[in-house]
Amino acid sequence: MPSNPPLPCRVGLAIVLGILGYPLHAQPIAASGDPTTIGADPDVLGEERLFSAWMEGQIAYRGLPGIEVGVVSDQQLVWSKGFGFANIKAKLPMTATTKFRMASNSKLFTAIAIMQLREQGKLGLDDPVVKYLSWFKAKPAGDDDGPITIEQLLSHSSGLQREAGDHWVSYEFPSAEQLQRLYPDRQAAFAPSVRWKYSNLGFAVLGAVVEKVSGERWADYVEQNIFKPLDMNDSSVDKNVAGLAVPYGRRMPDGSREVLPFVDARGMAAATGLTSDLLDMAKFMSAQFRRGPRGGSQIVSSGSWRELLRVRSVEENWTSGTALGFDVKRVKDRTYIGHGGGYPGNTTQTLIQLDDKVGVIVLTNTNDSNPGDIAQQLMATVGQAVAKAATAKPATVAWDPAWERFAGLYRGRNGDQQVVILNKKLVMITPNAPSLDNPVTLEPLGGGRFRYVAPTGGGVVGEVVRFVEENGRPMRMYAGDSWIDRVQAP
């Protein structure tokens, strides 16, 4: 989901990009761990070639300056490759250490900072923001809206305006002091919790909460409590550091691109001020797959990760929304988390499939590269191949033909259920249901016990199913704590 609209190109130095013959540079880096496993899997290597061919076409035909991509599997950076240039004039290639303004991926760090302070008992998600910031008194949308809470800011459900000024046009971002002076003139567009409404202003306010509660500048807090524990040594906040990709504006009709200036996010840093590279962002992504108590590289506890990644508000069409800071969206019945970002001359996208423990990173040095689309293609090709290669075959209980005796019709006070034999598998249907969509599978656990496996969270999904027998004949089926009696054999 793009976090910022395309930025207008101003008059300045124009770079004319050749459509054909535009040189490319690939910079792969070795994956950690055993290189003979995931990274060397033939399907993974094939999908890398497929994606690279497509990406080279995007560079050539769309005249994009440069793009750096990476694929993470759990704690391993499996693949990284650069396309195009970090600096066209100097023909400086993209590499895994090229730095980018991460834009709204900064919000993920702000959300984690809030959860760290929550774990310390220093604030609560349902606390009114005004409890910590006395100046946080915008005009409400209505007369009885109630106070805006920290959770509502984190989930983009506060109803606040998107911005704090004209900084995406003027490139003059407000300081923290200016933000406080501007804020009383803001008026919420909606009452809290009415609808999902993206707000950079809201995350700038959350940065101020972090500073008030921790007693540290937001940049210093993030460096000490997130960058250092994760060894993100090449990441910073609003510093014009060496190694930054040259930021190019959108492509004009004549093929030219403006070279944009370094822009300081100032008081909006908690919303959009982070600088990082692919290697550091891969470390950050791997942290999202780890679980355990907080400490060291475990930057928040398992419980806090669950809170951070649980959906809080959704867009009106219910296909996308926000957890706490993290974007969430559904694509072809799969759920992805991450964030997109746009900054003058940089657009970025992180995208994670939690069940597979696979994530992709796309970093670009222009405003019209559409990194979200690139990330989806990277996930659909290399990401899916990596997920398949990394998936350990689950230990399964071998099929026992004697289990066929459990098939039959079972009846209870609330309805009938029929156990049917498929190919070495037992499934359970409701015989008077309008369709056969999504039958329940009885996954064998051994000892005549099964697990109730269903695609939805209703019923007793995940619980144990067992059969009571007399003289080797099933008489009753328990699913969780309830039972139904067998009335007919197949």
Contact between [X] and [Y] at the side-chain level, heavy atoms closer than 4.5 Å - yes or no?
{"X": "V246", "Y": "F85", "value": "no"}
{"X": "M115", "Y": "L125", "value": "yes"}
{"X": "V205", "Y": "Y132", "value": "no"}
{"X": "K81", "Y": "M55", "value": "no"}
{"X": "R294", "Y": "Q120", "value": "yes"}
{"X": "L354", "Y": "I337", "value": "yes"}
{"X": "N200", "Y": "K107", "value": "yes"}
{"X": "L351", "Y": "K329", "value": "yes"}

Point-to-point distance, once rounded to the nearest 0.5 Å, from [atom1] of [X] to [atom2] of [Y]:
{"X": "L108", "Y": "I226", "atom1": "CG", "atom2": "CD1", "result": "9.5 Å"}
{"X": "L206", "Y": "T110", "atom1": "CG", "atom2": "OG1", "result": "7.0 Å"}
{"X": "E177", "Y": "W135", "atom1": "CD", "atom2": "CH2", "result": "10.5 Å"}
{"X": "E307", "Y": "I114", "atom1": "CD", "atom2": "CD1", "result": "14.0 Å"}
{"X": "D74", "Y": "D356", "atom1": "CG", "atom2": "CG", "result": "11.5 Å"}
{"X": "E216", "Y": "Q224", "atom1": "CD", "atom2": "CD", "result": "7.0 Å"}

Kindly give the heavy-atom pair with the smallest separation between [X] and [Y], and that separation in Å.
{"X": "F190", "Y": "A141", "value": "C-CB, 3.5 Å"}
{"X": "G207", "Y": "W218", "value": "CA-CD1, 3.9 Å"}
{"X": "L363", "Y": "L278", "value": "CD1-N, 3.7 Å"}
{"X": "A219", "Y": "V237", "value": "CB-CB, 3.7 Å"}
{"X": "A164", "Y": "L182", "value": "O-CD1, 3.1 Å"}

For side-chain contact (heavy atoms from CB on, under 4.5 Å), just list the numbers for N105 and Y343, CA-CA rounded to whole Å, side-chain angles, deciding distance to a tenth of an Å, and then say yes or no. CA-CA 11 Å; N105 273 280; Y343 207 68; over 6 Å; no
With sequence neighbours excluded, residues passing ring pair (Phe, Tyr, Trp, His ring centres under 6.0 Å) with [X]:
{"X": "F136", "value": "Y183"}
{"X": "F326", "value": "none"}
{"X": "Y221", "value": "none"}

All pairs passing ring pair (Phe, Tyr, Trp, His ring centres under 6.0 Å) where [range] contributes a residue, at least two apart:
{"range": "residues 363-382", "answer": "none"}
{"range": "residues 359-392", "answer": "none"}
{"range": "residues 251-286", "answer": "F109-F284"}

Mark yes or no for whether [X], through its side chain, and [Y], through its backbone, hold a donor-acceptor pair below 3.5 Å.
{"X": "S158", "Y": "P192", "value": "no"}
{"X": "Q349", "Y": "I361", "value": "no"}
{"X": "N367", "Y": "G345", "value": "yes"}
{"X": "N87", "Y": "L92", "value": "no"}
{"X": "T272", "Y": "A269", "value": "no"}
{"X": "T348", "Y": "G340", "value": "no"}
{"X": "Q298", "Y": "P293", "value": "no"}
{"X": "E258", "Y": "Y248", "value": "no"}
{"X": "S73", "Y": "Q76", "value": "no"}
{"X": "T98", "Y": "M94", "value": "no"}

Report the residues that fulfil side chain to side chain contact (heavy atoms under 4.5 Å, CB included) with [X], sequence neighbours left out, ordered by chain and then residue number.
{"X": "P247", "value": "L260, N346"}
{"X": "S199", "value": "H156, L160, L201"}
{"X": "P128", "value": "V130, P147"}

Answer yes or no: are there more than 12 heavy-atom neighbours, outside K197 itself, under 6.0 Å from its atom NZ?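 Atom NZ in K197 is packed in, count exceeds 12.
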Take a 6.0 Å sphere around NZ of K283 and say whether it holds more than 12 heavy atoms from other residues, nucleotides or ligands.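 Count over threshold, so yes.
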Got a salt bridge between [X] and [Y], using NZ or NE/NH1/NH2 to carboxylate O under 4.0 Å?
{"X": "R312", "Y": "E151", "value": "yes"}
{"X": "D264", "Y": "R101", "value": "no"}
{"X": "K99", "Y": "E68", "value": "no"}
{"X": "K388", "Y": "D41", "value": "no"}

Any side-chain donor-acceptor pair under 3.5 Å between E119 and S304?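 A pair is found: one side chain offers a donor N or O, the other an acceptor, under 3.5 Å apart.
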With distance as the sole criterion, is a donor-acceptor pair present between the side chains of T364 and T347 under 3.5 Å?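 The criterion, which ignores hydrogens and geometry beyond distance, is satisfied for T347 and T364.
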Given side-chain contact (heavy atoms from CB on, under 4.5 Å), test K228 with E223 step by step and report yes or no. CA-CA 6 Å; K228 285 190 175 180; E223 180 176 359; 4.1 Å; yes
Please tabulate, for the side chains in residues 375-382, all donor-acceptor contacts under 3.5 angstrom to protein atoms that are two or more places apart in sequence or on a different chain.
unit_1: T381; atom_1: OG1; unit_2: Q377; atom_2: O; d: 2.7
unit_1: T381; atom_1: OG1; unit_2: L378; atom_2: O; d: 3.3

Between V362 and I67, is the side-chain contact (heavy atoms from CB on, under 4.5 Å) condition met? List the steps. CA-CA 7 Å; V362 177; I67 296 172; 4.1 Å; yes
Candidate list R266, M268, E172, test side-chain contact (heavy atoms from CB on, under 4.5 Å), partner H167, passing option: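 Exactly one candidate clears the test, M268.
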Could you pull out all residues at least two apart from D368 that satisfy side chain to side chain donor-acceptor pair (under 3.5 Å)?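 In terms of side chain to side chain donor-acceptor pair (under 3.5 Å), with neighbours along the sequence ignored, D368 is linked to R257, T366.
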Can you sort out the partners of S235 under side chain to side chain donor-acceptor pair (under 3.5 Å), two or more places apart, ordered by chain and number?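 S235 satisfies side chain to side chain donor-acceptor pair (under 3.5 Å) with S276, D280 only.
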Assess whether side-chain contact (heavy atoms from CB on, under 4.5 Å) is satisfied between Y336 and V331, documenting all intermediate values. CA-CA 8 Å; Y336 298 89; V331 179; 3.9 Å; yes
